Every structure is written in C-alpha cells, then in structure tokens.
Amino acid sequence: MPEETHAVVAAKLKEIGPSVAVNLELKVDSYFDVVRGLVDDFGARNDLACVYITSSVPASTLMGALTALEVDTSNIYFVDCISHKLMGRIESSEHVVHLESPSMLENILLKVEYFSRLISGKKLLVVIDSANSLATNNDTKMLSEFLTILLNQLKMREAYPVLLSLPDSLRPEAKEMLNLVCDYTLAV
Amino acid sequence: MTGIEGLDNILGGGIPTSSIVLVCGGTGTGKTAMAVEFLARGAANGETGLLISDIGSEERLLSGLPSFTFLPSDAVKKGTFSVIGFNEIFSKVDEGTTLDPAALEKMASSLDKVLSAAKVKRLAIDGVDAAIPESGGRAFVGAIKDVLQKNGCTAFLVSSGGSEGSLPSAADGVIVLGDAERNGDFLRTMQVLKMRGTGHSRAKYVIDFTPCGMLTTPLLKGGP
C-alpha cells in the first residue's frame with residue numbers, strides 16, 4: 001500500500017536535513033495533507049518550532065483545520081499576510097501576527113526574526129505558503145531578493161526552510177526564480 | 001554600543017560616548033520608541049537613563065510602547081530608568097525668539113545638576129523642537145555639549161522636525177525615521193544621515209518595534 005502524503009513529506013524532509021531550502025511542489029487536493037505532514041509528522045515529532053508564513057489561507061482557517069485534525073498547534077507561530085487583505089477578523093495573539101499585505105516583504109523578514117528570537121532554544125521549521133500567492137502579489141525580482149535573504153538567513157540558523165508551490169499555476173519566470181533560490185525540489 | 005542590535009550594526013559598532021544624536025521624523029515613525037529603547041538597553045546594562053518629556057509618568061510612557069522584555073522590571077524603582085518633565089530643565093521659547101546666553105547657561109546648569117546627581121549616562125529629550133527655536137539649534141547643542149562630556153553621557157534629541165537646519169547641522173549624529181511608500185504599502189524606515197566617529201551605512205532600512213526591541217532589515221530594491 002502506498003504511503004500517505006503526510007508521512008512521505010515528513011520522511012523526505014528528515015532525509016534532506018537542515019539548512020536546505022526546499023521547494024515543495026504539491027497539488028491543490030493534497031494541500032491539508034501536506035501541511036499536516038509538515039507541521040505535525042515532521043515539525044512536532046522532531047521537536048521543532050514552526051513559523052508558518054501564510055499568504056494564501058488565513059491563520060485562523062489553518063489553525064481550525066489543524067485542530068480538527070488533532071494536531072498540536074502550541075509550537076506553531078503564524079505570520080498571517082492575508083487576513084487584512086480579505087478584510088477578515090483580525091485576532092492577534094502570542095502565536096499570530098498580521099501583516100497588511102503579502103507585498104510587505106521586509107515586514108515578513110522582521111516578523112520571522114521576531115518569532116525566532118521569541119522561540120530561541122528550539123530549531124525552526126519555516127513554511128512559506130505559498131510561492132504562488134507571493135508571486136501574484138509581488139514583482140519577481142523583488143520576490144527573488146526577498147527569498148534569497150530569508151532562505152539564507154534560515155540556512156545560517158540551521159533551520160528547515162520549506163516553500164510550498166503549485167507548479168501548474170506558476171508563471172515561467174516564477175518557476176525559474178524558485179529553481180534559482182531553492183536547493184532542492186520535492187514533488188508530492 | 002547602544003544595545004539596539006540593528007542600529008549598532010548599521011553604525012559599525014555604536015555611538016561614541018557623549019555624542020549628541022538627533023532622531024527626527026514625522027508622527028508615528030517610532031522616534032519615542034527608539035529613544036526609550038536606547039534608555040532601556042542602558043538600564044539593562046546598569047547605566048542610568050533619563051527621559052525629559054511632557055508625556056507624564058514612566059508607567060504612562062511605557063503603556064504606549066511595546067513591552068520591552070529586556071527592560072529590568074525594577075528599573076523605575078531603582079532609578080535606572082526615569083522620566084522628568086520638560087519644565088524641570090527647560091523653559092519653552094516662542095518661535096522666532098533667540099536663546100540668550102543667560103538662558104542657555106541656566107539650562108545647562110540645571111541639566112548638569114540632574115545628570116550628575118543621578119549619574120545619568122543616557123539621556124533622551126523628547127520634543128526638543130518644541131523647546132528651542134529653529135534658529136537656536138546650534139547654540140543649544142553648544143550649551144549642553146560640555147555638560148554631556150563632563151558627565152560621560154550620550155544624548156538622543158527627539159524632534160518631529162526635518163533633517164535640515166541648525167540643530168541637525170550641529171548634532172554629532174542624525175537618524176531619520178520615516179515611511180517608505182511602495183504600491184500603497186507603508187514601511188517604517190530608518191536612515192543614518194551622519195554619525196561622527198563611525199563608518200556607518202547610509203542605506204535605508206525597514207524597522208519594526210517588537211517586545212524584543214527594534215528589528216531592522218535592508219529595504220529591498222527589486223534588482224538592478
């Protein structure tokens with residue numbers, strides 16, 4: 001029987017190890033299974049703190065889904081770049097900070113820095129969800145500069161940086177940029 | 001070292017002792033937060049910090065800022081972080097009038113008494129532009145320079161004025177806080193225009209005030 005996606009994601013990331021920028025290519029229908037594999041099967045079981053940058057699904061929706069899947073969210077910290085834009089309910093907490101837009105790339109860097117200081121002592125898994133929504137909201141050159149800085153900072157800290165992408169709906173220049181800034185492509 | 005990590009990196013170390021640094025920018029750009037962090041970082045290191053401001057008590061000031069985790073909880077009680085009113089040192093001068101030498105001498109003398117009594121090593125004066133006339137910046141800096149030198153005290157002068165004029169020109173350092181607008185987004189920025197005795201960067205940086213203090217990252221340029 002083939003292994004489930006969440007287990008495959010966790011096993012593969014463990015094999016790849018820290019300080020490697022991973023472009024995790026997925027299909028829309030496996031989204032929540034992949035997220036579960038990242039934050040629970042891989043993150044929680046390896047005692048990592050997770051910083052989840054979301055520019056596609058509001059943090060409250062992700063939290064709700066993970067809670068429904070009985071995933072422990074106590075070690076997950078969200079940088080929510082989408083709720084403001086959707087004019088959704090904004091409820092900041094110790095685990096969730098909101099940015100006004102996915103185009104405020106410098107502020108994403110600063111919020112990741114903030115959480116990494118807050119969490120100090122644990123290794124970090126940093127999920128960037130997703131390359132598609134960031135590419136929709138940003139110029140490719142700007143996004144490339146941002147990802148280069150963020151991924152290198154995370155690699156220096158021996159973190160696990162994972163960038164989610166839906167390759168079928170990415171523009172060719174965005175795909176090319178991902179190939180340049182990421183060290184490894186994992187397709188599930 | 002100021003202890004403000006991003007700023008110290010930009011300055012290539014920190015601010016030379018006894019410098020007078022103007023922190024200027026518009027409303028809501030983070031001037032007061034930066035000055036308070038400068039004092040709080042000092043207090044965390046055992047250096048006494050004093051803020052001269054009309055904002056009121058220490059509690060009132062701190063309630064409007066991020067709760068800096070590095071400010072020792074007993075700093076106010078121990079006197080390593082305190083706030084005094086403007087009128088205890090300075091008398092307000094109407095725009096257009098000049099600061100006569102006698103008034104400046106009186107100011108400097110009052111400041112010296114306060115700094116030496118409490119062994120203040122870090123001073124911040126919030127709203128300095130309201131206390132001195134536009135043309136009096138040079139005379140004001142000249143009057144407090146010796147007092148700061150004598151006490152080994154470094155000062156942040158916080159002003160909502162611009163980076164041109166007699167005050168910026170006379171100060172040892174000028175830090176400009178502002179907003180960078182990009183496609184409708186407003187990013188808080190910081191730029192060090194001058195800092196005597198340092199080899200500082202002149203680039204613009206994006207800043208954010210958090211309970212861990214001011215965080216800094218370079219403003220993205222988006223390629224060549």
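Note that the structure is a prediction, hence the values are computed from the model and not measured.
- Residue-environment remark: CD (A:Glu70) stays at or below the threshold of 12 foreign heavy atoms within 6.0 Å.
- Only the side chain of A:Ser101 comes within less than 4.5 Å of a heavy atom of chain B; its backbone N, CA, C and O stay farther away.
- Atoms OG1 and CZ, on B:Thr69 and A:Arg117 in that order, are 10.0 Å from each other to the nearest 0.5 Å.
- Contacts of A:Glu113 with chain B are made by both backbone and side-chain atoms, with heavy-atom separations under 4.5 Å.
- Contact annotation: the side chain of A:Ile149 approaches that of B:Leu220 to within less than 4.5 Å [non-hydrogen atoms, C-beta and beyond].
- Only the backbone of B:Phe186 comes within less than 4.5 Å of a heavy atom of chain A; no side-chain atom from C-beta onward does.
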B:Arg182 vs A:Met142, side-chain contact (heavy atoms from CB on, under 4.5 Å): CA-CA, chis, key distance, verdict: CA-CA 12 Å; B:Arg182 189 171 62 214; A:Met142 191 75 84; 3.7 Å; yes

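- No side-chain heavy atom of B:Asp208 sits less than 4.5 Å from a side-chain heavy atom of A:Tyr114.
- Counting non-hydrogen atoms of other residues, nucleotides and ligands closer than 6.0 Å to CG of A:Asp183 gives a total above 12.
- Environment of CD in A:Glu176: sparse, with no more than 12 heavy atoms of neighbouring residues, nucleotides or ligands closer than 6.0 Å.
- Salt bridge status for B:Arg188 with A:Glu106: absent, with no side-chain N to carboxylate O gap under 4.0 Å.
- Sparse packing is recorded around CD of B:Glu164, with 12 or fewer heavy atoms of other residues, nucleotides or ligands lying under 6.0 Å away.
- Counting heavy atoms from C-beta on, the side chains of A:Met104 and B:Leu187 come closer than 4.5 Å.
- Of the atoms belonging to B:Ile207, it is backbone heavy atoms, and not side-chain ones, that fall under 4.5 Å from chain A.
- Considering CG of A:Leu110 and OG1 of B:Thr216, their distance stands at 7.5 Å, rounded to 0.5 Å.
- Within a 6.0 Å sphere centred on NZ of B:Lys78, other residues, nucleotides and ligands contribute 12 heavy atoms or fewer.
- Contacts between A:Leu109 and chain B at a heavy-atom distance below 4.5 Å involve the side chain alone, from C-beta outward.
- Heavy-atom neighbours of B:Arg60 CZ from other residues, nucleotides or ligands within 6.0 Å: at or below the threshold of 12.
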